[in-house]
K.L.:
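Mind looking over this structure? Questions follow.
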Amino acid sequence: FRAIAEVPRRLERVLLGVTLAGLLLAPLSLGLHGLDALALPVADFFKPAAWRAALATSYGATALVLIGAFVLGSIAVGFPRSPVTSGLGVLAALLGALSLSLSGHAGAAAPQWLTRPAVFFHVGGILFWVGALLPLAVLLTGRDDRALARFSRVIPFAVGALLVSGLTLAVIQMGPPSAAGFSSYAAILAAKLGLLVVLFALALWNRFQLTRPASAGVPNARKHLRRSIVVETLLVLLILGLAAGWRFTPPPRALAEVQETEPV
């Protein structure tokens with residue numbers, strides 16, 4: 001976001017704190033993944049076997065790339081805005097999108113020449129949209145409308161990539177109609193889609209009803225837009241929480257593949 005707009009210094013400190021938290025949580029998640037892979041208790045967190053197991057999985061590559069992304073992100077928000085720090089911020093976002101395409105059900109699905117780029121663009125769209133919410137909410141308390149104008153010009157591309165890639169992944173993961181389609185994965189997907197309908201409707205309202213008067217300095221419009229951004233943030237947290245549930249349930253495509261390989 002700082003690549004397209006200046007943000008207040010107080011917000012930069014908040015962003016730096018969040019990014020540093022990510023830098024701590026990425027390796028923590030890697031260690032926990034190793035415990036999960038070997039079914040070890042939390043007390044074995046520092047045992048080399050857990051870390052070796054985690055690094056041997058595809059999530060090892062994800063965590064390492066994420067750590068690199070958070071390092072670059074910390075530099076990008078920890079120093080004054082410049083072409084260099086803006087470039088590092090963009091590179092950090094690209095690495096963040098790349099990291100999640102290296103592991104998980106979606107990226108591992110065939111054909112990977114389609115699914116891995118789809119995950120990359122899906123996560124990239126999410127990163128830009130979600131990452132802009134807090135800065136926009138803070139900037140709307142001031143009088144500088146350049147950030148809102150620039151965001152409004154860029155966000156359609158991010159949302160377009162998000163929609164096309166998300167639809168592609170959903171079709172591939174659900175697979176052809178079968179009994180496996182009525183699964184926990186499908187239930188989570190249905191709940192997520194329901195929340196997305198509300199989120200996109202709210203985003204359209206913001207863009208076509210509130211953005212122009214807010215940019216013109218209409219106080220009520222700016223207040224309503226800030227409140228709407230808060231609601232957007234809550235919806236996004238719910239959606240991400242639902243998506244995390246996929247960690248515990250394989251997609252119908254994977255279930256169908258297992259059934260096909262089982263002996264009759």
Side-chain angles (χ1 to χ4, degrees), residues 1-8 11 15 18 89-90 93-94 96-97 100-101 106 117-174 185-246:
F1 185 84
R2 288 179 82 232
I4 66 170
E6 191 77 51
V7 298
L11 179 58
L15 298 180
V18 172
V90 172
L94 293 175
L100 295 186
S101 70
V119 173
F120 175 84
F121 284 107
H122 196 66
V123 175
I126 292 171
L127 285 175
F128 181 77
W129 187 356
V130 176
L133 294 177
L134 177 60
L136 280 177
V138 173
L139 289 168
L140 283 169
T141 61
R143 297 181 178 276
D144 190 348
D145 299 313
R146 289 174 295 179
L148 180 60
R150 292 171 181 169
F151 173 79
S152 297
R153 288 195 296 267
V154 176
I155 190 60
F157 298 100
V159 172
L162 180 63
L163 284 172
V164 173
S165 59
L167 179 61
T168 300
L169 292 170
V171 170
I172 292 174
Q173 291 289 66
M174 290 301 295
Y185 184 98
I188 293 174
L189 178 61
K192 181 186 174 185
L193 290 176
L195 289 175
L196 281 172
V197 169
V198 178
L199 179 63
F200 283 126
L202 186 60
L204 288 172
W205 173 261
N206 292 344
R207 179 170 177 79
F208 293 108
Q209 297 296 324
L210 296 179
T211 297
R212 183 170 294 179
S215 298
V218 178
N220 282 340
R222 297 176 76 86
K223 180 175 67 175
H224 291 319
L225 188 55
R226 287 198 305 273
R227 290 177 177 174
S228 180
I229 288 174
V230 172
V231 176
E232 277 188 63
T233 303
L234 294 175
L235 286 171
V236 165
L237 290 174
L238 288 174
I239 291 169
L240 293 177
L242 283 171
W246 279 330

K.L.:
Measure across Ser152 and Thr211 and return the closest heavy-atom pair with its distance rounded to 0.1 Å.
P.N.:
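For Ser152 and Thr211, the tightest heavy-atom pair comes out as OG-CG2, 3.3 Å.
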K.L.:
Suppose we screen for ring-ring contact (aromatic ring centres under 6.0 Å, His included). Which residues come up paired with Phe1, at least two apart in sequence or across chains?
P.N.:
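Phe1: no ring-ring contact (aromatic ring centres under 6.0 Å, His included) contacts found.
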K.L.:
Is the backbone N or O of Val138 less than 3.5 Å from a side-chain atom of Thr141, with the two atoms forming a donor-acceptor pair by type?
P.N.:
yes
K.L.:
Between Arg2 (side chain only) and Gly89 (backbone N and O only), is there a donor and an acceptor less than 3.5 Å apart?
P.N.:
no
K.L.:
How far does CD of Gln209 sit from CG of Leu225, to the nearest 0.5 angstrom?
P.N.:
12.0 Å
K.L.:
Under the salt bridge (charged side-chain N to carboxylate O under 4.0 Å, His left out) rule, what pairs show up with a residue in residues 146-162, not counting sequence neighbours?
P.N.:
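Every pair satisfying salt bridge (charged side-chain N to carboxylate O under 4.0 Å, His left out) with a residue in residues 146-162: Asp144-Arg146.
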K.L.:
Can you tell me how far apart CG (Leu199) and OG1 (Thr233) are? Round to the nearest 0.5 Å.
P.N.:
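Taking CG in Leu199 and OG1 in Thr233, the distance rounds to 9.5 Å.
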K.L.:
Output the distance between atom CZ (Arg207) and atom CG (Leu148), rounded to the nearest 0.5 Å.
P.N.:
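Rounded to the nearest 0.5 Å, the CZ-CG separation comes out at 9.5 Å.
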K.L.:
Of all the heavy-atom pairs spanning Ala132 and Pro135, show the shortest one and how long it is.
P.N.:
O-CD, 3.4 Å
K.L.:
Roughly how far apart are Leu163 CG and Thr168 OG1, rounded to 0.5 Å?
P.N.:
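With rounding to 0.5 Å, CG (Leu163) is 10.5 Å from OG1 (Thr168).
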K.L.:
Measure across Ala221 and Ala214 and return the closest heavy-atom pair with its distance rounded to 0.1 Å.
P.N.:
CB-N, 3.6 Å
K.L.:
Once salt bridge (charged side-chain N to carboxylate O under 4.0 Å, His left out) is applied, do any residues pair with Arg226, and if so which ones, sequence neighbours excluded?
P.N.:
none
K.L.:
Within a 6.0 Å radius of atom CZ on Phe200, are there more than 12 heavy atoms belonging to other residues, nucleotides or ligands?
P.N.:
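Yes, the 6.0 Å shell around CZ holds more than 12 heavy atoms from other groups.
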K.L.:
Could you go step by step and tell me if Gln173 and Trp246 meet the side chain to side chain contact (heavy atoms under 4.5 Å, CB included) rule?
P.N.:
CA-CA 11 Å; Gln173 291 289 66; Trp246 279 330; over 6 Å; no
K.L.:
Determine whether the aromatic ring centres of Phe128 and Phe151 lie less than 6.0 Å apart.
P.N.:
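Yes, ring centres under 6.0 Å apart.
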K.L.:
Is a donor on one side and an acceptor on the other found under 3.5 Å between the side chain of Ser228 and the backbone of His224?
P.N.:
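Side chain of Ser228 to backbone of His224, a donor-acceptor pair under 3.5 Å: no, none is there.
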K.L.:
Under the ring-ring contact (aromatic ring centres under 6.0 Å, His included) test, which residues partner Phe120, sequence neighbours left out?
P.N.:
none
K.L.:
Report the residues that fulfil side chain to side chain donor-acceptor pair (under 3.5 Å) with Arg212, sequence neighbours left out, ordered by chain and then residue number.
P.N.:
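For Arg212, no residue satisfies side chain to side chain donor-acceptor pair (under 3.5 Å) once neighbours in sequence are set aside.
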K.L.:
Nearest 0.5 Å, please: how far is CG in Leu136 from CD1 in Ile229?
P.N.:
5.0 Å
K.L.:
Applying side-chain hydrogen bond (donor to acceptor under 3.5 Å, both in side chains) as the test, list every pair that has at least one member in residues 122-131; sequence neighbours left out.
P.N.:
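Output for this query lists His122-Ser165, Trp129-Glu232.
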K.L.:
Between Val90 and Ala3, what is the shortest heavy-atom contact and its length?
P.N.:
CG2-CB, 3.8 Å
K.L.:
Shortest non-hydrogen contact from Leu127 to Gly96?
P.N.:
CD1-C, 4.1 Å
K.L.:
Closest approach of Val119 and Ala106, non-hydrogen atoms and distance?
P.N.:
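Result for this residue pair: CG2-CB, 3.7 Å.
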K.L.:
Give, for atom NZ of Lys192 and atom CG of Leu242, the distance between the pair rounded to the nearest 0.5 Å.
P.N.:
8.5 Å
